[in-house]
Peer 1: 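Structure incoming, see below.
Owing to the predicted nature of the structure, the values given are computational and were not obtained by experimental measurement. The analysis underlying the following values was restricted to heavy atoms, covering all of them including side chains, and did not include hydrogens, waters or symmetry mates.
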Amino acid sequence: MSERLGFIGLGIMGGGMAANLLRAGHPVTVWNRTASRMEPLVEMGASAVGSPREVAEGSSVVMICVSDTPDVVAVTEGPDGILAGLSPGSVVVDHSTISPSETRRLAALAEEAGSSWLDGPVSGGSEGAALGTLSIMVGGEASDLGRVRPYLEAMGKSITHTGPVGSGQMVKLVNQVLVVVNQLAVSEALLLAEVGELDLEATLSAVTGGAAGSWMLANRGPQMIVRDWRPGFTIDLQQKDLRLVLEAADELGVPLPGTALVFQLYRALQRRGLGAEGNHALVKALEHIVGAEVGSEAE
C-alpha cells in the first residue's frame, strides 16, 4: 500500500517526476511557488495545498525538487516550511542539487523533528524526468532508502545508495563535472567537423556508437547540429551547479581546470543573455571565438 506522498517544486524536472508518481498510482499532494504549475498535476489526480507545511502535514514522504540551496532552505524552515508540518517518522527526500554541507544541516534539523532526510539529486534532464528514466543518487540511511525506493522507481531507472547524508549531493557534483567537460568536448568536436566541411549527421552516426560515444553526444549532438537550443537543463541552472562544484573543490583543495574553464565560458553566454538556453549552447561561446556556426545551414 502506498504511503501519502508530497511533492514540492513542479518545474522543468519536478513536474515530470510528480506526474510519474501519479501515473504509478501513488497519491500525491503538491505545492509550487507558481500556483499555475500545480494545475496539470491536479488534473491527473493530485491534491494541491497552499504551503510546504501543508504538504508535510498530509504526507509521510515529502519530496523536494527546487532550484538552489536557498530555495530548499525556504521551503524547509520557517512557519510555513516542511519542518513545521512533519510528523515523527516521516521521510524527506530532496531531489534538488544543493550544497552538501547545507544538506547535512537540514538533515540534522529533520532528525530533531523525529524524521529522516535523504539527499537524492537526479540526472537525466527533462527527458529523463518525463520518461521516468532518471539516475537518482541517494545519501542517507539505507533503511530509509528501502522505504522510499518503490516511489523512486516510478521516477528513475538507476537508483544508487551513495553513503551517508550529503554523499548524494557530492556524487551529483561529480556527475556535473563529467556532464560539462563532456559537453565542451562535444562542442569542440562538432565545431571542428563544421569548419572541416563534414556532413554533421554522418559524423555523429560515425562516432556516437564507438569509444567517443556518450549521453551528451547522443542526446545533445543532434540538437546542436540543427541549432535547437531548447533546454533539457538551462545554462543558468548548470552554472548554479558548477558554482557548487567549484565551492566544494575549493574547500577540498582539488584543482578542476576543465570545469573552471566551462564555468567561464557559460558566464560569457550569460552576459549575452543566453542563460535560459540549454546547456548544449556552450558551443556558442566557441563559435563566437572562431567566427563559425555548427549546423548554420540548418537555420
Peer 1: Please check if Ile98 and Met17 belong to a single hydrophobic cluster, counting links between Ile, Leu, Val, Met, Phe, Trp and Tyr side chain heavy atoms closer than 4.5 Å.
Peer 2: no
Peer 1: Is there a side-chain contact between Gln183 and Val262, using heavy atoms and a 4.5 Å cut-off?
Peer 2: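 Side chain of Gln183 against side chain of Val262, heavy atoms only: no contact under 4.5 Å found.
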Peer 1: In Å and rounded to the nearest 0.5 Å, what is the CD1 to CZ distance from Ile225 to Arg220?
Peer 2: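 Result: 14.0 Å between the selected atoms.
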Peer 1: Is it true that the side chains of Gln264 and Arg267 contain a donor and an acceptor less than 3.5 Å apart?
Peer 2: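 No, because no side-chain N or O of Gln264 sits under 3.5 Å from a partner of the opposite role on Arg267.
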Peer 1: Heavy-atom distance under 4.5 Å between the side chains of Ser214 and Leu217, does that happen here?
Peer 2: yes
Peer 1: Minimum heavy-atom separation for Thr29 to Ser59, with atom names?
Peer 2: CB-OG, 4.2 Å
Peer 1: Val245 and Val177: side-chain contact (heavy atoms from CB on, under 4.5 Å), yes or no, with the steps?
Peer 2: CA-CA 8 Å; Val245 170; Val177 171; 3.6 Å; yes
Peer 1: Go through the steps to decide whether Arg227 and Glu287 satisfy the test salt bridge (Lys or Arg N to Asp or Glu O under 4.0 Å), and finish with yes or no.
Peer 2: CA-CA 12 Å; Arg227 304 195 68 75; Glu287 291 173 343; 2.9 Å; yes
Peer 1: Search all heavy atoms of Ser167 against all heavy atoms of Gly139 and return the closest pair with its distance.
Peer 2: OG-CA, 3.6 Å
Peer 1: Name all residues meeting the salt bridge (Lys or Arg N to Asp or Glu O under 4.0 Å) criterion together with Asp68; count only those two or more places apart in sequence or in a different chain, and write none if there are none.
Peer 2: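 Asp68: salt bridge (Lys or Arg N to Asp or Glu O under 4.0 Å) contacts with Arg243.
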Peer 1: Ignoring hydrogens and angles, tell me if any N or O in the side chain of Asp94 forms a donor-acceptor pair with the backbone of Leu118 under 3.5 Å.
Peer 2: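 Such a contact is absent between Asp94 side chain and Leu118 backbone.
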Peer 1: Which residues pass the side-chain contact (heavy atoms from CB on, under 4.5 Å) test with Ala248, sequence neighbours left out?
Peer 2: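 By the side-chain contact (heavy atoms from CB on, under 4.5 Å) rule, Ala248 matches Met170, Leu173.
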Peer 1: Can you see which heavy atom on Ala84 is nearest to which on Pro79, and at what distance?
Peer 2: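 Taking Ala84 first and Pro79 second, the nearest heavy atoms are CB-O, 3.6 Å.
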Peer 1: Which value, rounded to the nearest 0.5 Å, describes the distance between Ser123 atom OG and Phe233 atom CZ?
Peer 2: 8.5 Å
Peer 1: Find out if a path of hydrophobic residues (ILVMFWY) with successive side-chain heavy-atom gaps under 4.5 Å connects Val75 to Val49.
Peer 2: yes
Peer 1: State plainly whether the residues Glu293 and Lys284 are in salt-bridge range, i.e. N to O under 4.0 Å.
Peer 2: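 No, Glu293 and Lys284 are not salt-bridged.
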Peer 1: Report the distance from atom CD1 of Ile12 to atom CG of Leu237, rounding to the nearest 0.5 Å.
Peer 2: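 It comes to 7.5 Å.
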Peer 1: Ignoring hydrogens, what is the shortest heavy-atom contact between Ala154 and Ala24? Give both atom names and the distance.
Peer 2: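 For Ala154 versus Ala24, the nearest heavy atoms are CB-CB, 3.8 Å.
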Peer 1: Work out which heavy atom in Ser115 is nearest to a heavy atom in Pro88; give both atom names and the distance.
Peer 2: OG-CA, 4.3 Å
Peer 1: Would you say Leu5 ends up clustered with Leu83 if hydrophobic residues are merged whenever their side chains have heavy atoms under 4.5 Å apart, either directly or through other cluster members?
Peer 2: no
Peer 1: Looking at CG of Leu145 and CG of Leu152, how far apart are the two atoms once the value is rounded to the nearest 0.5 Å?
Peer 2: 6.5 Å
Peer 1: With sequence neighbours left out, what residues match Lys240 under salt bridge (Lys or Arg N to Asp or Glu O under 4.0 Å)?
Peer 2: none
Peer 1: Any chance the side chains of Asp241 and Gln176 put a donor and an acceptor closer than 3.5 Å?
Peer 2: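 Yes, side-chain donor-acceptor contact under 3.5 Å.
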Peer 1: Check whether any side-chain heavy atom of Leu134 sits under 4.5 Å from a side-chain heavy atom of Lys157, and report yes or no.
Peer 2: no
Peer 1: Output all residues satisfying ring pair (Phe, Tyr, Trp, His ring centres under 6.0 Å) with His26, sequence neighbours left out; order by chain, then residue number.
Peer 2: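 His26 satisfies ring pair (Phe, Tyr, Trp, His ring centres under 6.0 Å) with Tyr151 only.
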Peer 1: Which donor-acceptor pairs under 3.5 Å do side chains of residues 30-44 form with protein atoms, sequence neighbours excluded?
Peer 2:
| residue | atom | partner | partner atom | Å |
| --- | --- | --- | --- | --- |
| Trp31 | NE1 | Gly50 | O | 3.3 |
| Asn32 | OD1 | Leu10 | N | 2.7 |
| Asn32 | ND2 | Thr34 | O | 2.9 |

Peer 1: So Gln239 and Asp236, side-chain contact (heavy atoms from CB on, under 4.5 Å) or not? Walk me through it.
Peer 2: CA-CA 5 Å; Gln239 280 294 75; Asp236 284 340; 5.7 Å; no
Peer 1: Does a side-chain heavy-atom distance below 4.5 Å link Asn279 with Thr234?
Peer 2: no
Peer 1: Contact between Leu109 and Thr76 at the side-chain level, heavy atoms closer than 4.5 Å - yes or no?
Peer 2: no
Peer 1: To check you understand the geometry: which heavy-atom pair defines the closest contact between Val138 and His161, and what is its length?
Peer 2: O-CD2, 3.3 Å
Peer 1: Under the side-chain hydrogen bond (donor to acceptor under 3.5 Å, both in side chains) rule, what pairs show up with a residue in residues 101-110, not counting sequence neighbours?
Peer 2: Glu77-Arg105, Ser99-Ser101, Glu102-Arg105
Peer 1: Does Ile82 reach the side chain of Ile64, with side-chain heavy atoms less than 4.5 Å apart?
Peer 2: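 Yes, close enough: below the 4.5 Å cut-off.
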Peer 1: Can Leu242 be reached from Leu274 by stepping across I, L, V, M, F, W or Y side chains whose heavy atoms are under 4.5 Å apart?
Peer 2: yes
Peer 1: What do you reckon, is CD of Glu111 surrounded by more than 12 foreign heavy atoms closer than 6.0 Å?
Peer 2: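 No, because the 6.0 Å sphere around CD of Glu111 holds 12 heavy atoms or fewer from other groups.
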Peer 1: What's the separation between atom CG in Asp71 and atom CD1 in Ile8, rounded to the nearest 0.5 Å?
Peer 2: 12.0 Å
Peer 1: Is it the case that the side chains of Thr97 and Lys172 hold a donor-acceptor pair, with the cut-off being a distance below 3.5 Å and no angle test?
Peer 2: yes
Peer 1: So Thr259 and Leu246, do their side chains get closer than 4.5 Å, heavy atoms only?
Peer 2: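 Yes, their side chains come closer than 4.5 Å.
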Peer 1: Okay, side chain of Gln169, backbone of Ser96: is any donor-acceptor separation there less than 3.5 Å?
Peer 2: yes
Peer 1: Would a hydrophobic clustering, with Ile, Leu, Val, Met, Phe, Trp and Tyr connected at side-chain separations under 4.5 Å, put Val226 with Trp229?
Peer 2: yes
Peer 1: Is the closest side-chain heavy-atom distance between Ile136 and His95 below 4.5 Å?
Peer 2: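 Counting from C-beta outward, Ile136 and His95 do come under 4.5 Å.
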Peer 1: Supply the atom-to-atom distance Glu194 CD to Leu286 CG, rounded to the nearest 0.5 angstrom.
Peer 2: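 Rounded to the nearest 0.5 Å, the CD-CG separation comes to 13.5 Å.
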Peer 1: Taking atom CD of Glu127 as the centre, does the number of heavy atoms from other residues, nucleotides or ligands within less than 6.0 Å exceed 12?
Peer 2: yes
